[in-house]
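The structure under discussion is supplied below as structure tokens; questions concerning it will follow.
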Amino acid sequence: MAGKERIAQRAAQDLEPFSIINLGIGIPTMVADYLDKDNYYLHTENGLLGVTSVEEENIDPLLVNAGKLPVGEAVGASYFHSADSFAMIRGGHVDVAILGALQIDAAGRVANWAIPGKDIIGVGGAMDLLVGAKKILITTNHVSKDGSPKIVEECTYPITSTRRADVIITDLAVFRWIHDGYVLTDLLGDATLQEIAEKTTASYRVSDKLYEKGSTK
Amino acid sequence: MAGKERIAQRAAQDLEPFSIINLGIGIPTMVADYLDKDNYYLHTENGLLGVTSVEEENIDPLLVNAGKLPVGEAVGASYFHSADSFAMIRGGHVDVAILGALQIDAAGRVANWAIPGKDIIGVGGAMDLLVGAKKILITTNHVSKDGSPKIVEECTYPITSTRRADVIITDLAVFRWIHDGYVLTDLLGDATLQEIAEKTTASYRVSDKLYEKGSTK
Amino acid sequence: MNIPKHIDVDQAVANVKSDDTIMVGGFGLVGSPLTMIDALTHWDVTNLTIISNNVGETGKGLGILLQQGKLKKAVGSYFTSNREVAKWYNEGKLELDLLPQGTFAEAIRAGGAGIGGFYTKTAVGTELAQGKETRDIDGETYLLEKPLKADVALIRAEKADTKGNLVYYKTARNFNPIMASAAAYVVAEVDEIVDEGELDPEAIATPHLFVDALVKSRYVLTKEGVVDRGR
Amino acid sequence: MNIPKHIDVDQAVANVKSDDTIMVGGFGLVGSPLTMIDALTHWDVTNLTIISNNVGETGKGLGILLQQGKLKKAVGSYFTSNREVAKWYNEGKLELDLLPQGTFAEAIRAGGAGIGGFYTKTAVGTELAQGKETRDIDGETYLLEKPLKADVALIRAEKADTKGNLVYYKTARNFNPIMASAAAYVVAEVDEIVDEGELDPEAIATPHLFVDALVKSRYVLTKEGVVDRGR
């Protein structure tokens, strides 16, 4: 299983049934492939509760998700305008937002909307979701394309919110915010504690459970 | 024609066709009897655009106006919740609010929600309508039951808003706010200029038109 | 989490605890959750704050809770429909927060929408502005109003589907959809529960993510007044 | 006053004047008034402020207005869909007001609802909070955001009745209903105009009091892209 699929599958396992979930663009959207559609309710901020996947032949150009990709309509779905949709998000009615990230830092802050030195011309719903969802789950490759760590001591990219992410799921590991910082709770695939240490510049604790298992899976 | 009916009929004549109109409790509600229902759109703040009168046999207990009286549903009506309904009012989407008054003063301020010395336990939508409607039309008996003037120099009752009423229609006269104060523009029934002067303690101007006609109709 | 359960009315009001803040839908009796209000009069709680446009009528609906001494405070716009409210208030046995109806509705919406406060021109310069902060914006004076939220909302809809989506009936809609958004636990009293997929997705007024539980109505408002249709 | 007229698209855009602020509905092309946007590209105006989630795509939709130099400013949440926006901005030929999408939507609703400003936690502590007032409310920090209003709103609905009531289609609803509430003059582009009474009163998303004129759609979004259905 390739890294992105592994991340998406692992994120799906982290969700409680009957949750209201909002999926960001990219890896988060792939999480839907691993969910039993009858037990999860997908919200998209452009105005639909009850997102499903859609077969090519049933594509409706006026039925899309926040990434402007074609989607389907679940049984029992409902439509609403953008202000009502973000009222759901900001008002704490979405249980989980699954979002991508450019960086996450040791304080739990996420940067996922702008790159320093590049034009800052788009933000979309990222800031609203980070502030409003009851739980924030970040799905991301552990390192960026050039190999540099994405889980860093302090974000150098513009942050999206001061509200911290609850869970980080990468292709290598799972981190959970416990008390005052992130705890490495799971190693994925062939990842080792040493590999995580090398590829993570943020400070974090390691779950006792992992030490007991030893440094390899 | 009794005083209240005369007031309601005169108020109806003051409305431009195709206006969106909100009617308060009492005399304002009676204005509907003098409107061609196809040419006016009645809004009620409890969540309906398209109020009509209803025959006894068609009364629906769950279809009422702001006075909790049974009403009917016009063709092309729509329902909405209370926040959306007051968004229409506060946002300036209602053309005319027709309201009753305990007092109106020379500065155009209306008092219609509380009586000094009595318990102040209800306000309803009066303050929102006075602030939000594009035009405020007050319908009221010229004097109160004890004969004291209701159009006074300065309200002694708690005011409902600092926003002034545009038109006052009583059983005796019509006043319009022009430039910096009220102008007596019409005498109703057998009213005379002298009678209005005696029963009005607010300062006001008299329209040249009335002087030309003389002091009686 | 959102698995709306069809529950018994007694289970529904068992979610109300002493000292809680409770939103109750309805404009007078229209769109009021009469069955749950009745159950609440039989439920042993005290010190409630009720957020509702009215406090019922004398000895009727929420008015019974007042007579039972269960209320600490009432937040609404028109308590005139129950003259006993003034008596309890004047005796210092009931706190009141009287708001213009539009401000009341907007404050509930704000509570549900995560808005920390909003500026309105309504009530500026009146007695209801006393103690409230004003601010000039673009040459006009506004009042700062705070959001309203509750522990439990008891609302009334016409129909639910099994997911908990709601549709309303005529002017019985009123405060119910916004209250559904502004409480930690929301129970909707309905006449009918239909299969999911039976409600038009374009016409659902309250999406199911707001609704925690469903109760079937027993007491309903008819032309002849409130009627007990039986369990 | 409210007599919604079924008018020609050229009459519709003739209401747009130089220096005006114009709201344009749609999330990308979905729910975008394509026919009126096309007419606007043929209409001689300049110095427009566009309030729209996006500024179309490069050389498409509102992107044409940008290329024509008709825009003074754009207010929205996601201009990334048109990379030329950055070029014009960097050359100082276009002002931008970038808002989080929820703040953008709420600001439009506030504009339509007569709200002078509102407090939101969204964007607190980020670059988009720069220059904005913060306030601590009940232990949390909020940003003050101002309402958005426009001279003209060009919106897209599915159907209108002859009174001007509107219903929308699936996710083509998006910003259209709130924009209908926030402009002095509102034109809705629709696929169909039905007799009054044909739309369900419980399902009307935009009551007719918001709508000034109706235009029939000519350019529509299909699976194969934008198609000219003819006048």
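Labels below follow one simple rule: chain letters A, B, ... track the order of the sequence lines, proteins then strands, and each chain is numbered from 1. Predicted model only: the values in this text are computed from it and were never measured.
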Checklist outcome for this item: Honestly, the part of D/Ile204 sitting under 4.5 Å from a heavy atom of chain C is neither
Contacts under 3.5 angstrom, residues 110-118 of chain C side chains, donor-acceptor by atom type, not counting sequence neighbours:
none

Dump the table of donor-acceptor contacts under 3.5 Å between chain D and chain C, or return none if there are none.
unit_1	atom_1	unit_2	atom_2	d
D/Glu106	OE1	C/Arg109	NH2	2.9
D/Glu106	OE2	C/Arg109	NH1	2.9
D/Arg109	NH1	C/Glu106	OE2	2.9
D/Arg109	NH2	C/Glu106	OE1	2.9
D/Gly116	N	C/Tyr119	O	2.8
D/Gly117	O	C/Tyr119	N	3.0
D/Tyr119	N	C/Gly117	O	3.0
D/Tyr119	O	C/Gly116	N	2.9
D/Tyr119	OH	C/Tyr119	OH	2.7
D/Glu133	OE1	C/Arg135	NH2	2.5
D/Glu133	OE2	C/Arg135	NH1	2.8
D/Glu133	OE2	C/Arg135	NH2	3.3
D/Arg135	NH1	C/Glu133	OE2	2.8
D/Arg135	NH2	C/Glu133	OE1	2.5
D/Arg135	NH2	C/Glu133	OE2	3.3
D/Lys170	N	C/Glu202	OE2	2.7
D/Arg173	NH2	C/Glu202	O	3.1
D/Arg173	NH2	C/Glu202	OE1	3.2
D/Glu202	O	C/Arg173	NH2	3.1
D/Glu202	OE1	C/Arg173	NH2	3.2
D/Glu202	OE2	C/Lys170	N	2.7

